[in-house]
Amino acid sequence: MSYVKPKFHHPALKKNKVGYVKADYEGVISTLCAGCGHDSISGAIIQACYEISLEPHKLAKLSGIGCSSKTPTYFLSNSHGFNSVHGRMPSITTGANMANKDLIYLGVSGDGDTASIGMGQFVHAVRRNLNMTYIVMNNGCYGLTKGQDSATADFGSISKSGSENPYQAIDLVGLALELNATFVGRSFSGDKEQLVPMIKAAMSHPGFAFLDVISPCVTFNNNKGSTKSYTHVRAHIESTSLFDFVPKEEEINVNYNEGTSTKVELFDGSEIHLSKLAPNWDPTDRRSAVNRLQDAKSTGNILTGLLYIDPESQDFHSKLDTSDIPLNQLKQEVLCPGNEKLENINSGFR
Ligand SMILES: Cc1ncc(C[n+]2csc(CCOP(=O)(O)OP(=O)(O)O)c2C)c(N)n1
Ligand code: SF4
């Protein structure tokens with residue numbers, strides 16, 4: 001069987017502003033289990049990139065190891081890509097990002113890849129406000145290695161083999177808020193209406209944009225008693241807002257109830273429009289986001305939607321004052337300051 005899709009497109013298919021049809025954002029045919037939540041997230045990434053008219057060569061997709069980390073093969077075949085080592089996606093992204101700030105960086109990881117082996121890497125990418133979108137495809141288990149509980153599995157959740165998880169879960173959204181992440185959201189692979197605009201907004205955010213996406217593993221963690229199954233998530237989902245991302249100069253198509261709508265302007269002139277469903281919550285106030293998250297938890301609900309955004313976000317590059325020109329394009333005259341300047345620098349150390 002060939003995993004490569006045919007290149008032919010019907011000439012009447014709708015093209016976006018840069019002349020591509022949606023199929024131009026696809027990858028090869030997925031080898032994941034039929035019904036895996038990860039495939040729906042790949043579909044949402046394809047849709048989001050098509051809608052924002054992203055030029056595929058301007059995106060770099062990076063991942064670690066796991067079923068989730070395989071997904072970059074299934075979207076954006078014409079983008080740059082690096083499938084790294086288990087848990088090491090953040091440091092690879094940091095290196096690439098520091099060398100070239102002109103690309104958009106999309107990191108894909110799993111709850112195992114991020115919340116266990118990659119935890120040390122994850123927290124430092126957050127605190128540095130690395131300019132990237134970081135998606136965790138969160139199924140509460142290690143899908144690729146046959147379904148062991150991960151660190152995001154909820155206390156008391158029942159595994160497919162019938163055992164009860166005796167450990168408290170790590171809530172990656174709570175952790176990202178604690179670490180001062182500048183964009184934090186949670187969504188569900190089965191809610192494309194919410195997920196697509198969230199991905200678009202995350203990719204426009206100048207800094208670390210974290211998306212924890214609940215993504216059921218149909219093969220190892222979709223049983224009765226699992227808190228990451230389709231049935232459980234659908235029954236316990238609670239949303240902060242109706243959400244719409246409006247790129248600069250485009251029409252708004254969310255209906256707002258008066259008194260509940262909020263608008264957050266991003267640096268590039270695009271806007272996030274929110275129709276709040278949750279009282280006492282302000283998406284630009286970290287403390288209210290933390291409280292809102294705790295309120296949902298106390299009722300056993302899964303809070304989705306944009307939780308927090310810092311509209312004044314300053315990414316890692318602006319803190320380090322790095323080169324505007326990608327390192328591989330710097331000419332020798334710039335890279336080598338010349339003998340006289342080197343002499344001066346060296347004499348300062350004598
Ligand atoms: C250094 C190292 N340790 C352990 C493994 C084995 N391993 C492969 S994937 C994986 C976890 C995958 O879980 P997750 O990141 O949640 O992804 P999923 O498959 O559930 O999408 C583990 C432990 C590995 N590949 N490399
Ligand atoms: S094992 Fe689970 S996570 Fe992996 S592809 Fe299958 S359903 Fe998806």
Side-chain angles (χ1 to χ4, degrees), residues 1 3 27-46 61-75 81-93 106-123 125-126 133-154 157-161 165 167-173 175-176 186-190 192 195 210-234 302:
M1 172 180 175
Y3 291 101
V28 303
I29 291 168
S30 171
T31 58
L32 302 185
C33 309
C36 175
H38 300 352
D39 277 336
S40 307
I41 303 173
S42 297
I45 293 170
I46 290 167
K61 38 180 192 162
L62 301 104
S63 61
I65 296 290
C67 299
S68 34
S69 292
K70 285 171 69 179
T71 61
T73 314
Y74 314 136
F75 57 80
F82 198 105
N83 184 202
S84 75
V85 182
H86 200 19
R88 271 54 164 198
M89 178 272 281
S91 56
I92 300 289
T93 313
L106 173 64
V108 174
S109 181
D111 40 301
D113 195 63
T114 290
S116 286
I117 195 166
M119 182 60 107
Q121 301 236 336
F122 171 69
V123 294
V126 181
T133 296
Y134 191 120
I135 296 180
V136 170
M137 299 183 172
N138 187 353
N139 54 18
C141 72
Y142 295 176
L144 192 74
T145 53
K146 306 222 179 298
Q148 302 85 348
D149 279 348
S150 77
T152 68
D154 291 308
S157 183
I158 312 285
S159 74
K160 192 176 176 184
S161 61
N165 177 29
Y167 307 112
Q168 290 297 334
I170 293 174
D171 182 348
L172 291 170
V173 154
L175 183 64
R186 174 175 278 145
S187 194
F188 170 44
S189 62
K192 233 178 177 174
L195 183 55
F210 179 62
L211 293 181
D212 180 40
V213 187
I214 310 295
S215 177
C217 168
V218 286
T219 303
F220 297 113
N221 202 13
N222 199 32
N223 49 285
K224 197 163 179 262
S226 158
T227 58
K228 297 278 193 290
S229 67
Y230 279 111
T231 314
H232 183 93
V233 176
R234 284 200 179 110
I302 302 161

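Model, not experiment: these values are computed from the prediction. Ligands are counted one by one from 1 in listed order, and the atoms in each one are counted from 1 as well.
- Remark: ligand 2 atoms within the under-4.0 Å shell around heavy atoms of L32 are 5 (S).
- Neither the backbone nor the side chain of V85 has a heavy atom within less than 4.0 Å of ligand 1.
- Atom 13 (O) of ligand 1 has Y142 CA, 3.4 Å as its closest protein atom, hydrogens excluded (heavy atom only).
- In terms of modelled atom types and a separation under 3.5 Å, the side chain of S215 and the main chain of H38 share a donor-acceptor contact.
- Those atoms of ligand 2 with a heavy atom of N139 less than 4.0 angstrom away are 3 (S).
- The G143 neighbourhood of ligand 1 comprises atoms 18 (P), 19 (O), 20 (O), with distances under 4.0 Å to a heavy atom of that residue.
- No side-chain heavy atom of N83 sits less than 4.5 Å from a side-chain heavy atom of T73.
- Relative to atom 4 (Fe) of ligand 2, the option among S30, G143, C67, G147 with the closest non-hydrogen atom is C67.
- Looking at heavy atoms from C-beta onward, Q121 lies in side-chain contact with R88 at the 4.5 angstrom threshold.
- The atoms of ligand 2 that sit less than 4.0 Å from any heavy atom of T219 are 6 (Fe), 7 (S).
- Only the side chain of I117 comes within 4.0 Å of ligand 1, counting heavy atoms alone; its backbone N, CA, C and O stay farther away.
- A heavy-atom distance below 4.5 Å is found between the side chains of F122 and L172.
- Residue-ligand proximity: K70 is placed with every non-hydrogen atom at 4.0 Å or more from ligand 1.
- Considering only non-hydrogen atoms, atom 7 (S) of ligand 2 lies nearest to V218 out of N221, V218, L144.
- Distance from atom 3 (N) of ligand 1 to its nearest protein heavy atom, with residue and atom name: H86 CD2, 3.7 Å.
- For atom 8 (Fe) of ligand 2, the nearest protein heavy atom (residue, atom name, distance) is C36 SG, 2.4 Å.
- Distances below 4.0 Å separate heavy atoms of I65 from the following atoms of ligand 1: 8 (C), 9 (S), 15 (O), 25 (N).
- For atom 14 (P) of ligand 1, the closest heavy atom belonging to the protein is G112 N, 3.5 Å.
- Under a 4.0 Å criterion applied to the non-hydrogen atoms of D113, ligand 1 contributes the atoms 14 (P), 15 (O).
- No hydrogens or angles considered: nothing links the side chains of Y134 and T93 as a donor-acceptor pair under 3.5 Å.
- Remark: ligand 1 and M137 share no N or O pair separated by less than 3.5 Å (distance only, no angle test).
- Side-chain contact annotation: N221 with S226, donor-acceptor N/O pair under 3.5 Å present.
- In the model, S159 has a side-chain atom that pairs as donor or acceptor with a side-chain atom of S161 under 3.5 Å.
- At distances below 3.5 Å, not a single donor-acceptor pair connects side-chain atoms of D113 with backbone N or O atoms of H86.
- Less than 4.0 angstrom separates some heavy atom of C33 from each of these atoms of ligand 2: 1 (S), 5 (S), 6 (Fe), 7 (S).
- In this structure the side chain of I45 reaches within 4.5 angstrom of the side chain of I135, judged on heavy atoms.
- Under 3.5 Å, the side chains of T227 and H232 contain no donor-acceptor pair of N or O atoms.
- Atom numbering of ligand 1 starts at 1 in the shown order; those under 4.0 Å from a heavy atom of H38 are 21 (O).
- Residue-ligand proximity, F220 to ligand 2, at heavy-atom distances under 4.0 Å covers atoms 1 (S).
- Considering backbone and side-chain N/O atoms, T145 never comes within less than 3.5 Å of an N/O atom of ligand 1.
- For K228 (side chain) and G140 (main-chain N/O), no donor-acceptor pair under 3.5 Å exists by modelled atom type.
- Looking at G140, S63, S68, G66 and measuring to atom 12 (C) of ligand 1, the nearest heavy atom belongs to G66.
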| Step by step, would you call S229 with T231 a side-chain hydrogen bond (donor to acceptor under 3.5 Å, both in side chains)? | CA-CA 5 Å; S229 67; T231 314; 4.6 Å; no

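- Polar contact check, C141 against ligand 1: a nitrogen or oxygen pair lies under 3.5 Å apart.
- Under the 4.5 Å side-chain criterion, counting only non-hydrogen atoms from C-beta, F75 is in contact with V108.
- With hydrogens and angles ignored, the 3.5 Å screen pairs a side-chain donor or acceptor of N165 with a backbone N or O of A153.
- One of the N, O or S atoms belonging to C217 lies under 2.8 Å away from atom 2 (Fe) of ligand 2.
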